[in-house]
*Asks:* 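This is the structure I want to talk about, given as structure tokens.
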Amino acid sequence: MLKFILRRIVIMIPQLFLLSILVFLLAKAMPGDALTGRLANNPKMDAQTLAEMKEKLGLNDPPYVQYVRWIKNLMQGDLGISYIHQQPVTDLLSERIGNTLLLSACILILSYIIAIPLGIVSGRWTNSLADKLIVGYSYLSFATPLFIFALLMLFVFGFILGWFPTGGSVNIQVEKGTVDYYISKINHLILPSLSGALLSTVGTIQYLRNEIIDTKIKDFVKTARAKGVPESRIYSRHILRNSFLPIAAFLGYEITGLIGGSIFLESIFSYPGIGQLFLQSIMQRDYSVITALVMISGLATLLGTLLSDIILSAVDPRIRIE
Amino acid sequence: MSKQPILQIENLRVSFRIHDEYYAAVDGVSLTVNENEVVAIVGESGCGKSALALSIMGLHPLERTKLEGTIAFKGKNLLPLSVPQLNQIRGKDIGMIFQDPLTALNPLMSVGRQIEESMDYHTKLSSSAKRQRTLELLKRVGIPNPEKTYDRYPHELSGGMRQRIVIAIAIACEPSLIIADEPTTALDVTIQAQIMGLLKELQQQMKTGIILITHDLGVVAEMADRVAVMYAGEIVELADVNTLFSRPLHPYTRSLLHSIPSVQTRKEKLHVIQGIVPSLQKLPRTGCRFKSRISWIDESEHEKNPILREVAPGHWVRCTCYKNFYFPQDNIGDMNYGIS
Amino acid sequence: MAFLKVNHLKVYYPVRGGFFRRVIDYVRAVDDVSFELEQGETYGLVGESGCGKTTTGRTIIGLIKATAGEILLEGKDLTKLSRREFYHYRKDIQMIFQDPYSSLNPRKRVLDIIAEPLRNFEKLSPQEEKRKVQYFVEKVGLHPESIYKYPHEFSGGQRQRIGIARALTLNPKLIIADEPVSALDVSVQAQVLNFMKEIQKEFQLTYLFISHDLGIIRHMCDRIGIMYRGQFVEEGTSEEIFHDPQHIYTKRLISAIPNPNPQHRQEQVKLRQEIDKEYHNSYHQYFDAEGRVYPLKRISETHSVAIP
Amino acid sequence: SSTSSNKEPNQNKQTSQKEDISKFPIAVKNDGKLVDGVLTYGLVYDTPFEGTLSRAFYEGQPDAEVLQFFDEPLLRMNENYEITNDGAATYELSNDKKTITIKIKDNVNWHDGEPVKAEDLEYAYLVIGNKDYTGVRYGDALIQDIVGMEEYHSGKTNKISGIKVIDDKTLSITWKHANPSVLTGIWTSPLPKHYLKDIPIKQLAQSDKIRKNPIGFGPFKIKKIVPGESVEFVRNDDYWEGKPNLKGVIVKVVSPKVVLQSLKKGEIDIAEFPTDQYVNAKGTKNIQFIGAIDLAYNYIGFKLGHWDAKKQENVMDNPKFQNKKLRQAMAYAIDNQAVADKLYHGLRFPATTLIPPSFPGYYDKTAKGYSYNPEKAKKLLDEAGYKDKDGDGLREDPNGKKFTINFLSMSGGDIAEPLAKFYIQCWKDVGLDVQLVDGRLAEFNSFYDMVEKDDPKVDVFAAAWYTGTDVDPYGLYGRDVMFNYSRWVNDKNDELLEKGHSEQAFDTEYRKEIYNQWQELMNEEVPVIPTLYRSIIYAVNNRVKNYSADVYQFNWKWKDVGVTSETPEVE
Amino acid sequence: MKAELGGPQQVEVQTEKSPSSFSIMWRELVRDKLALGSLILLSIILLIVYGSSLILDKEEIVKVDLLSIYAPPSSEHWLGTDYGGRDIFGQLIIGARNSFTIGLAITLITGFIGLTVGLIAGYFGGVVDNIIMRIIDFILVLPFLMLVIVFVAIVPKYNVFTFILIMSAFLWTGKARLIRAKTLAERELDYVSASKTLGTPDWKIIVREILPNLSSIIIVNLTLNLAGNIGIESGLSYLGFGLPESTPSLGTLVSYAMNPDVLQNKWWVWLPASLLILVMMLCINFIGQALKRAADARQRLG
Ligand SMILES: Nc1ncnc2c1ncn2[C@@H]1O[C@H](COP(=O)(O)OP(=O)(O)OP(=O)(O)O)[C@@H](O)[C@H]1O
Ligand SMILES: Nc1ncnc2c1ncn2[C@@H]1O[C@H](COP(=O)(O)OP(=O)(O)OP(=O)(O)O)[C@@H](O)[C@H]1O
Ligand SMILES: [Mg+2]
Ligand SMILES: [Mg+2]
Ligand code: NI
């Protein structure tokens, strides 16, 4: 098992290396740099100082020199300094990544909480009215753009009904570590994560439904029935466990999707996380942050697939990892 | 010696819905299985053997299947029972063995647990007692290392082992009837021989009745007490095993027996049954269903509405078309064969 | 000279493992197998599932690469040929597949299926092609009109015939039949077996007949090789194998066949038990310390057994 | 001084109404009685604030808005953005106008109780001038002009000879040249030396003392920061000007998309309000809108040459638009009034000169600019030889060749596209074939990349400048100034700009006269066409008292701002 | 973003091995009232959209008219106007055409690439497969948004065509995986071995033997994908990297709803486009589901 994980991680290294080159080249290929047109609020600047600053930031070095410098630091765990935030990228990320992880985890959990029962109902009672409604909902959610939906949620539940806070990740007036603090955190999470979750159920519902339909006609289910196992146990013990396999396998890939979705959610709900940070850095050409984020999300994707494999091997005895 | 009937099937019809219409895959089958008796059902693929077996267990998808007639298990009709009621009987009084031992086992559950599972619902044993019993069962079906095997998963076992597990599941609660749907078809001959031996041995020990579905006449000859030959949803011939092999009457039974190459005798040419089994929708529903496949027997020889007749004690044949069909090696005249 | 001579054929499948997924071991699917086929005979290959029958057959026809050994067809070693050269020998060896459902492309008409080899090897006009296809279709006992139908419109036995017609179009000398009837229903098996015998005479075919059903082997084959874990345990004529089996494995195999005579039930069971006992008692006489069989030893003109 | 807008507001409005910024109140009206309450201030941005909470280091506007609560410059400004003696310090200018002496008032203390000292201001200069300094403030000409600054910057000295700490509270700064910009642009924000001195300058910007626990001497103290999203302030009882009215202030980021709703719900009390949403927000009962003209203008520039980085000067070598009449014609052809009224509902209005009315002292009220006059435009084009010779409705150049103008415009916000389209249509109406560069609007970075690098694909570009408080246009139009994006060079221009910040220009009348001449010159030569002036609007909850729309706080103070009820009014 | 749905693992579709699968598909489609209705509705929509976009003057529609900004629906502007005074109805028609064309083109291009790559990887297996799969894995970890920005910035003319190419460059991987998996299964079947023994060259086996057998899952997959691809540019429009406004698209219209004022008060700008996307997606989905049932014997309605 350990060997397997190690092996997979070793395989990741060249991938990440390639990714690093590509990302670096892309970052450089984007028009403009961190200083382009960006001195909007510093009206007093002369060409010489600007050149001096570019020099200081290393923007004048040939790209390969910049790359080597970057990769060297990267390997020592130094992600560089954000130009825009004037802060080491590691610090910046540690401020933000917690929020995104929390949000993503909530979305994931919520979407499973919503999707799994629906998928089960719809797979178990195929072609029933409930099934049709659920399938209808899953199409609808598939067809609705996330940002519109999130905005509507925000207006309805945040403003019109006023049930939830409309921005930020926590109320600043509560003391960190108190019960109130955690309640406030959760309260701020509900709306964005629910918006994300409601729209990201379609995959899970459909997979689960298909999988149950497939599994319920398998021979071993017949065997279980022939044993006299009650219907509810047939589902809980035999069909569902088998049907969850592809969902478990999908879990790792979900991570990629979450990073994409967080860009929208974070900007609509003013929730400071890395999605928003990524967008901001892209817009402002904050190279060190962009490259760090891409590397991290690449790593997350790779680890996600690894995670999927590990989960899969944990639940499926047929897949043994030596 | 009079035997207690445990299962009495009367006039069973099993119909499946295809394109909004129901087609009978099992059509008016009556069959009795006595205690401590092995009844074999043979026939070509698609003749309705499995459909018959599944209907006893109530395992057909309810929304697409229509069941008519009666299936009386120890005098109690199973057909009107609800699923929870059936669950009282399934696994406890009737056990089932499926054809493919790999797909018949849940890949995600240890085999020990799978055997134990039926005890969960049919006995009040403590978990250690259940485990104890499972280990015994494993030993009984000839698994060399029960303790170790208990925690194994199906894919870790060989085909023969798996089939033993399936058998262990079927006999876990000492049922009085076992339905074995092609239990050895997927296995090699040597393994097949072992499994057959095991089944026979268990049957003799437990005095259970067995419905053995197969298309291998060799297996039938070795295992069965009585044989029912099915064709196109109907039983065309029913007799005890010796009679059936020595004096087959229905042309279909005869053809089957002659078309199989045997190790003992080498023929230059095998007997060929013309044509194919028609699909469910195209099945002839009137007259002798085998008619179209024996062109050398004249139309008029077949009955209009063939029924299963007892032509000799315990020997039942459908349709009289066999009568003028002469087989030199048979000595019909010798016996009291007549048409009642 | 033998028509087909297989010499010390080995086919190993690599097993990967370890940190770098390197090959750590091999599955010895075929491990040093030698046999010969004479023109016009039917040679049976029998054994338990997984013993390497299919692999042997597929290696001979070139679907699998041999790890070592020679396959001599009329003296020419097929394993040493380049792809291009092998192309010319293609015509001489054809194959009948086990599953008549998956061996015919469901999307093609019978005409296209049967004409496929013709299109590869001969440039025929559409008329000629059709005529030739129709000739073979009739030869295998199907209606000439059938050529415009699709495989799903035929029964298993008919499909198998289509497969045979396809194999015949190139006038092959050797046909490898890998369990040609095991997927067929009992009542249809006979059709195909009879038919195979017929065309063998007509086209002077040599069969390498693979099966695990000893009844069928007995019915079809002149000579038989019994395989066990990639090796031969016994080889001989049909008579010799069935009436005078020498190797305990062969005996066991034969005794396991169910006897279709209910009267002999008791004896059959007894025989089986005896042989099982013998198998356990004298195991080490037949298998070496690793459970592998010994090299074949000739005990008569035609009969060889793997005993030390 | 210079810059650009990266926040092209979103636009819109009902066709009929038209607003007029001059009719907006500058200050809120509230006659209620003050209570001791906490006010919530909204940072209306799509992105979190960066959190570089130091005047010497911040770059983003959100940070600046956070800074105003706990830190301030030592010298305050009047409505002409000139320093006064009302602030935490007083100043005196020497007779030669080259030396300023700043005296910090006695009761001015940092939030940790330490007094603000002269060495703190010196320290600010030492940081900014240091070669390890990571911020952008050193670009200021006024800072570089300090005697000894260059030597210090290059590392030759470790003190700036032009800056002298006279005593604990007094300091003088001497420049090489006398420049009236001193009055509007002098740096007077000290850094708490006692607090920061142990941190290497290179790491100041990233240190916790600036990012997490910054101190200032402003009316409020930072209590807590949630990075990127909110800051909690409490009253600084020790504020030099007296105890502030508010018990505390909460600053939090609010997305522009929901700012109106947040205001209606009372979630925030004050926010800079996106002008494009004003028409819908108008009439909201629980809030008042106050506004002023912004220190900015939009313009359309012609690419007349390129920037020679080696020589550090602009070279006017692009022949395409050298003909003044062509430029004038293009200016006459566009209907800015329509744009202002229809697209901006009057919250932007046609610009007439390059000094916006937010500089009341220098804005030339008499300037006519270029009002919409397509006939005149056509006439000028005819005169210049741009005639339609092949009858396709589009003019060819004087040589009869196809004449296509490539127009670069920035994307962002809804209005960008129709605006660009509208200009193109306007020009087409007078027979000019104008096409968007690459057929599309350019994204912010691409836009400035092309403009700064004088991409030959670009003939004409639409951009905007924030002017800052210093009226001096040199930083945007000087010969050796990189931000002179049109690369226009002209002797008269050089002369006027030079005079504009000469010692003589300390005389406001003189300076005004010079800048009037300059505005006239620019209008005549039109290297850039001024198009629109902008407004800035604040939405303020009715409970807020003493707040005003002028960003530079010349007639109000945060100390005086208060609330008249415990909780915000809700609609 | 939404395009993820196609996802790394496609829904398993069991292929029915029968040549008349087209007729089965058709039968299944006709049998399913919902699917049939969807097909008819979709055809009508497409007819109107493609038909009338021939008549409409695109220049006129995208022309800025400052006199009728945000005009509510009226007889002159059936669905009102946007902030540029441009007719929404006209934009809706042209937008629908563009969006559908984009969706279709992306679907086809990704289908083609995915098919080619998947077939090659699946058929040859071994090293080839390994290399291709590594490439696909790699593409999966690429930062999509960033690449789009870079591409948008460096392509000289950013229009429908380049947009299609950019999106296609990323979205083929899912399909390649699916096809590969199917091909892997298919090549194990004996008819492929048969063709090999008959001397048929590899490329012919791929094209003539395997490909036709994948047709039903390809059709099903492409149909369902088409639904996903129609709204694909709306997310990018939100981020500011959608199509230029001179090229109206449904996504652009929908993304106007980002402006809270438009969202709340000017329904005519974004709602019709949203509904149109929804209706088209639902229609295509229903058709796709019916096709899928046709391809999967167990789920057929009968
Ligand atoms: N659930 C079902 N729905 C529709 N038709 C069915 C169903 N199950 C079986 N059939 C049809 O009923 C007939 C009888 O099937 P059954 O499975 O009983 O045959 P069998 O004799 O067991 O054949 P085999 O030897 O192949 O197992 C066949 O024609 C089959 O196609
Ligand atoms: N592609 C492969 N890779 C690895 N091992 C293989 C492969 N194909 C076959 N084997 C192994 O090689 C051995 C021989 O297989 P083969 O298919 O030749 O057996 P067989 O005698 O034809 O069996 P059956 O009767 O089941 O068809 C088996 O152990 C099998 O698991
Ligand atoms: Mg069956
Ligand atoms: Mg095989
Ligand atoms: Ni009859």
Side-chain angles (χ1 to χ4, degrees), chain A residues 30-33 35-53 56-57 81-88 91-92 95-96 99 151 154-155 158-160 162 165-173 175-176 267-273 276-277 279-280 283-285, chain D residues 1-6 46-48 50-52 57 59-61 64 134-142 144 185 205-206 211 224 226-232 250 252-255 257-258 261-262 264-265 267 309 312 444-452 466-468 470 475 480-482:
Chain A
M30 290 192 289
D33 58 34
L35 296 173
T36 304
R38 186 139 297 108
L39 301 160
N41 300 297
N42 178 54
K44 307 179 175 188
M45 173 60 76
D46 65 341
Q48 217 173 337
T49 315
L50 199 64
E52 216 171 90
M53 289 196 64
K56 238 191 261 180
L57 289 171
I81 289 181
S82 155
Y83 172 72
I84 299 297
H85 295 263
Q86 303 194 37
Q87 183 184 14
D91 292 3
L92 187 60
E95 267 171 23
R96 301 285 175 82
N99 281 338
L151 265 176
L154 179 61
F155 275 99
F159 290 113
I160 298 174
T166 53
S169 69
V170 71
N171 182 350
I172 186 151
Q173 283 157 303
E175 223 27 76
K176 200 165 183 164
S267 87
I268 285 168
F269 292 97
S270 301
Y271 195 87
Q276 210 184 10
L277 181 65
L279 199 58
Q280 185 185 7
M283 300 299 177
Q284 306 185 345
R285 304 295 187 261
Chain D
S1 57
S2 62
T3 69
S4 57
S5 102
N6 58 353
D46 258 334
T47 54
E50 283 94 9
T52 321
F57 286 98
E59 277 172 50
Q61 198 54 35
T134 52
V136 296
R137 300 276 124 66
Y138 187 71
D140 187 349
L142 216 49
Q144 291 180 21
Q206 44 180 287
R211 308 194 64 91
K224 189 150 33 115
V226 179
E229 63 181 87
S230 49
V231 185
E232 185 181 6
I250 289 176
K252 67 177 185 193
V253 176
V254 177
S255 162
K257 297 185 180 72
V258 301
Q261 272 64 30
S262 297
K264 282 182 177 172
K265 258 187 83 186
E267 281 178 355
Q312 292 277 314
F444 178 84
N445 287 280
S446 317
F447 179 91
Y448 279 106
D449 203 40
M450 282 194 259
V451 170
E452 285 172 4
Y466 277 103
T467 57
D470 191 349
D480 57 352
V481 165
M482 211 189 64

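Since the model is a prediction, treat every value here as computed from it, not as a measurement. Naming: A, B, ... by sequence-line order, numbering from 1 per chain.
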*Asks:* Counting heavy-atom pairs under 4.5 Å with chain A, which one of D:Arg211, D:Glu232, D:Lys252, D:Met482 comes out on top?
*Replies:*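 The answer is D:Arg211.
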*Asks:* Looking at residues at least two apart in the chain, or sitting in another chain, which of them share a salt bridge (charged side-chain N to carboxylate O under 4.0 Å, His left out) with D:Glu267?
*Replies:* D:Lys265
*Asks:* What part of D:Val254 lies closer than 4.5 angstrom to a heavy atom of chain A: side chain, backbone, both or neither?
*Replies:*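 The answer is the backbone of D:Val254.
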*Asks:* Let's test your reading of the structure: which of D:Gly135, D:Pro227, D:Gly228 forms the most heavy-atom pairs below 4.5 Å with chain A?
*Replies:* D:Pro227
*Asks:* Could you tell me which portion of D:Gln312 (side chain, backbone, both or neither) has an atom closer than 4.5 angstrom to a non-hydrogen atom of chain A?
*Replies:*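 Contact with chain A involves the side chain of D:Gln312 alone.
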*Asks:* Using the ring pair (Phe, Tyr, Trp, His ring centres under 6.0 Å) criterion, which residues pair with D:Phe57? Sequence neighbours excluded.
*Replies:*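 Applying ring pair (Phe, Tyr, Trp, His ring centres under 6.0 Å) to D:Phe57 gives D:Tyr133.
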*Asks:* Relative to chain D, which segment of A:Tyr271 carries a heavy atom at a distance below 4.5 Å: side chain, backbone, both, or neither?
*Replies:* neither
*Asks:* Does a side chain donor of either A:Gln87 or D:Glu50 reach within less than 3.5 Å of an acceptor in the other side chain?
*Replies:* no
*Asks:* When rounded to the nearest 0.5 angstrom, what is the spacing between CG in A:Leu277 and CG in A:Leu92?
*Replies:* 5.0 Å
*Asks:* Going through the distances and angles, do D:Asp46 and D:Lys257 end up as a side chain to side chain contact (heavy atoms under 4.5 Å, CB included)?
*Replies:* CA-CA 8 Å; D:Asp46 258 334; D:Lys257 297 185 180 72; 3.6 Å; yes
*Asks:* Taking A:Gly158, A:Pro165, A:Pro88 one by one, which has the highest count of heavy-atom pairs under 4.5 Å against chain D?
*Replies:* A:Pro88
*Asks:* Tell me, for D:Ser255 versus chain A, whether the close heavy atoms (under 4.5 Å) come from the side chain, the backbone, both or neither.
*Replies:*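 Both parts, backbone and side chain.
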*Asks:* Output the option from D:Val253, D:Asp480, D:Val258 having the highest count of non-hydrogen pairs under 4.5 Å with chain A.
*Replies:* D:Val258
*Asks:* If you count heavy-atom pairs under 4.5 Å between each of D:Ser230, D:Ala309, D:Gly51 and chain A, which one has the most?
*Replies:* D:Ser230
*Asks:* Working to the nearest 0.5 angstrom, can you tell me the gap between D:Glu229 CD and A:Gln276 CD?
*Replies:* 9.5 Å
*Asks:* Side chain, backbone, both or neither: which part of A:Leu151 has a non-hydrogen atom closer than 4.5 Å to chain D?
*Replies:*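 For A:Leu151, side-chain heavy atoms alone lie under 4.5 Å from chain D.
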*Asks:* Check the pair D:Glu59 / A:Gln86 against side chain to side chain contact (heavy atoms under 4.5 Å, CB included), numbers first and verdict last.
*Replies:* CA-CA 9 Å; D:Glu59 277 172 50; A:Gln86 303 194 37; 3.1 Å; yes
